[in-house]
Amino acid sequence: MADLIRFTLDGEEVEARAGETIWEVANGRGLVIPHLCHKPAPGYRPDGNCRACMVEVDGERTLVASCIREPVDGMVVTTNSARATSARKMVVEMLLADQPEREAAHDRSSHLWDMAEANGVTESRLPTLEAERIPLLDDSHVAMRVNLDACIQCGLCVRACREVQVNDVIGMAGRGHDAYPVFDFDDPMGASTCVACGECVQACPTGALMPATVVDAAQVGDSRDYDREVESVCPFCGVGCQVSLKVKDNKVVYVEGINGPANEGRLCVKGRFGFDYIHHDHRLTKPLIRREDAPAKGLNVDPDNWQEVFREASWDEALDFAANGLKGRGREVAGFGSAKCTNEEAYLFQKFIRQGFGHNNVDHCTRLCHASSVAALLENVGSGAVTATFNEIENADVAIVIGANPVENHPVAATYFKQFAKRGGKLIVMDPRGQALKRHATHMLQFRPGADVSMLNAIMHVIVEEGLYDQQYIEGYTENWDAEKAHLADYAPERMAEICGIDAETLRAVARDFATAKAGMIFWGMGVSQHIHGTDNSRCLISLALMCGHVGRPGTGLHPLRGQNNVQGASDAGLIPMFLPDYQSVMDDGVRSAFTEVWGSGDFSNEKGLTVTEIMDAVHTGDIKAMYVLGENPAMSDPDVEHARDALAKLDHLVVQDIFLTETANYADVILPASAFAEKSGTVTNTNRQVQMGRPAVTPPGEAREDWAITTELARRCGMAWDYKSPADVFAEMKRNMRSLENITWDRLDRENAVTYPSLSPEDPGQAIVFGDGFPRPEGRARFTPASVIAPDDVPDAEYPMILTTGRQLEHWHTGSMTRRSAVLDAVEPEANCSLHPSTLRQLGVDPGGHVRLTTKRGSVVVMARADRAVAPDMVFLPFAYVEAAANILTNSALDPYGKIPEFKFSAVRVEKAESGALAAE
């Protein structure tokens, strides 16, 4: 091939591709040239500053750093000459001069000591620096230790923070030999703006930066002091980062990122330091049955004194008790499955409800996050999944991020967005609340809450008015364009500016930037979907992409960022009341027949089942009397949560299967102790459509069991002849009626860790981009669906003059049952809080850190207030992870008519000063 470079390496003729370095060519042939400042991982550029990888090139007077030198035709390179090996040995010896002795080293298994061994160096003959010149330990951070006496000034931590994670916290201070890394303006790490992603820790080759769990009280550690490492998947957000779990004595001691397709080795604070919840003392270890003399159901169970409400039972007794309360009830039973469990467990759960009780009253948390997005995508594109992976942003010219805060909610995905902006891509951020992506944005549109449709229609109006749309694409791949054009005529930016709060010129500039780009992507989150007009919001985004032809090509696509680790997979597996696996309608007789044939069972209802919130309403009307809840926490996650809690208390029979005594488990009649993700086998599917293999790293505590096994045993007791021996058996059954899993097998996933669907052959890693040649709709055409402005359901008035919006924080996840039991995460963010603009706090007479009372038509909570200029003066932001100030006591249960999703993102609220000693929830 013309672009191949031929040169000689250690006497053998070899080939290199354009852009490859000598080090990369050597490493690819199994020859590892010693290296320290070079990290052969995605995102890390070679730097060549440590000189530990020097090689000899014929005809050149000086040795060259192989990590940065690219070969040319005819070059002759020698890596093992006396001159090169001697130079490398001296470099390592000089670096060791200022290191603690290996037995006293902060990490006696660090890469530095490996390289010393590779160079035959065990000690240094050179004098050390005076002790007082060596920076001492910084143990100010709860998760990490800074041991600068081990620093070799390689710069990897700076590149990790500045170029890979793009957080720009670490820099170098001092000069020459006295240079050392600092955080912000030489602040202690724990007092800096560090977000604890730990990328610097994973990059450091010496032990100068280490996880606190690896370094003991004497500051001597060994990063290889573990029994085994297990490759699996992070159990938190929908990014689906692949991880290596380091295990000793059946406990995870620390976690590193590995080169998965979604994360390329990167992690966030939750993925790296939030693992220890699985070892918390609150873990359920034995089945529990509610005592006959227990108090009335409610949030009255102390996790440390559960014996006052529950008694221990054997598995046989608990399963019999659970089954006897469910079987024979038919439509009186409903099920909430889990997006935290595996694909196989989600599949079994929906099968259990449909086969066992003859109806479709089964749902999960997608109803509370992206149901409206899925509704709009299915309607207009023909598929509920993303059209392109978020990694495709590397091929884009422009990207819109709307109603999402990926820096906090999808931090690893956010690294790709920040890198995109850093290399010149136009990043357009749209959100009623300011956010960290703002400093990377070309445009930041902080629009009025609930005004999404007016703003997006105005942008599309400009594209039509100025003729910037892609007529050829529209004619070839879409339908209903004329209706969309006619509809948009009424949405001039000058008119919509009054509604959305963004001036007309900014709207026009954004329209031009997006429409004239060669490749554009749109990402959105629950700020778009959690409205009564959430489906309309998504319809607008789909129309915007379609009219510009930004679907189906590299660097283009529609991507709703999924919230939980397996919400995509659970939806794909049929954990939805109107769809069987792969979004096949329950109303289609042929579809149901295909499943009942595989299941060996009779037919079930052809009617759409009830959604999460509709099930709670049906409990109040007496139509639902028993429930099976797997890994969900509706007592915290449902809107107008007191309504949900009252429903749970009213049930005749509630079976809860979980790893902790959650708020929902407080209402249970029987609790089945389950396994955490790090304790089970199974597949999960991330926001990118990447099906990935999860593996057990430790055994479940006590008598806890894997969820698939519990559901299987319960099904048998309810009369179903299930005989699964492993999750692999379930996966094989799923494949029979799921075209999305074509060419994806259990063995392949076990071997390759991840495959993106659709995969076109047994060797195809999967298609990152879909719909390049049409859509899975009639005649292969996507549809434009016009959307009109609809006001939020619960608008401010004189009594409730402000706007409440809810969401997540970086350190905590959803209802907090896992993250608030992680030592690091809870230490960083221990107290319930809300955010208000400083001017609002001044008007209230509240100092930052003081307490406010938030009151809506549903209830009231008292919570600590923070000053945050990113929040508009008429808004308050409230995270929903804290039971002591549960956000969903306040939120509105009004539903989007299409996606049936509640309006979590907009409630009229009154904010008042409160005494700090007031009860959190009233």
Q) Do we get K248 above Y226's six-membered ring, with its NZ or CZ under 6.0 Å from the centre and within 45° of the axis? A) no

**Q.** Closest non-hydrogen atom pair between S109 and D114, with its separation
**A.** O-OD2, 4.4 Å

**Q.** T687 vs H559, side chain to side chain donor-acceptor pair (under 3.5 Å): CA-CA, chis, key distance, verdict
**A.** CA-CA 8 Å; T687 190; H559 192 121; 2.9 Å; yes

Q | Heavy-atom pair of closest approach, residues R748 and E763 | A | NH2-C, 3.5 Å

Q: Verify the distance criterion only: is there a donor paired with an acceptor across the side chains of R272 and Q202 at less than 3.5 Å?
A: yes

Q) Around atom CZ of R17, are there more than 12 heavy atoms of other residues, nucleotides or ligands at under 6.0 Å? A) no

Q: Looking only at non-hydrogen atoms, find the nearest pair between D276 and S822 and report the distance.
A: OD1-OG, 2.9 Å

Q | side chain to side chain contact (heavy atoms under 4.5 Å, CB included), paired with C241, selected from N686, N565, L267, V233 | A | L267

Q | V730, T711, T342 screened by side chain to side chain contact (heavy atoms under 4.5 Å, CB included) with Y347, the one that passes | A | V730

Q: Show the numbers, then the answer: is there a side-chain contact (heavy atoms from CB on, under 4.5 Å) between I68 and T21?
A: CA-CA 6 Å; I68 58 173; T21 64; 5.7 Å; no

Q: Anything under 30° is parallel, anything over 60° is perpendicular, the rest tilted; go ahead and classify H111 against H35.
A: tilted

Q: Give me the ring orientation class for F390 and Y416: parallel if the planes are under 30° apart, tilted from 30 to 60°, perpendicular past 60°.
A: tilted

Q: Can you run down the salt bridge (Lys or Arg N to Asp or Glu O under 4.0 Å) pairs that involve residues 685-706, sequence neighbours left out, and say none if there aren't any?
A: R695-D750

Q. Between R821 and F660, is NZ or CZ placed under 6.0 angstrom from the six-membered ring centre and within 45° of the ring axis?
A. yes

(Q) Assess, by modelled atom type and distance only, whether the side chains of D572 and T685 contain a donor and an acceptor separated by less than 3.5 Å. (A) no

Q: May I have all residue pairs that pass salt bridge (Lys or Arg N to Asp or Glu O under 4.0 Å) and include part of residues 676-686, sequence neighbours excluded?
A: R283-E679, E345-K680, K680-D707

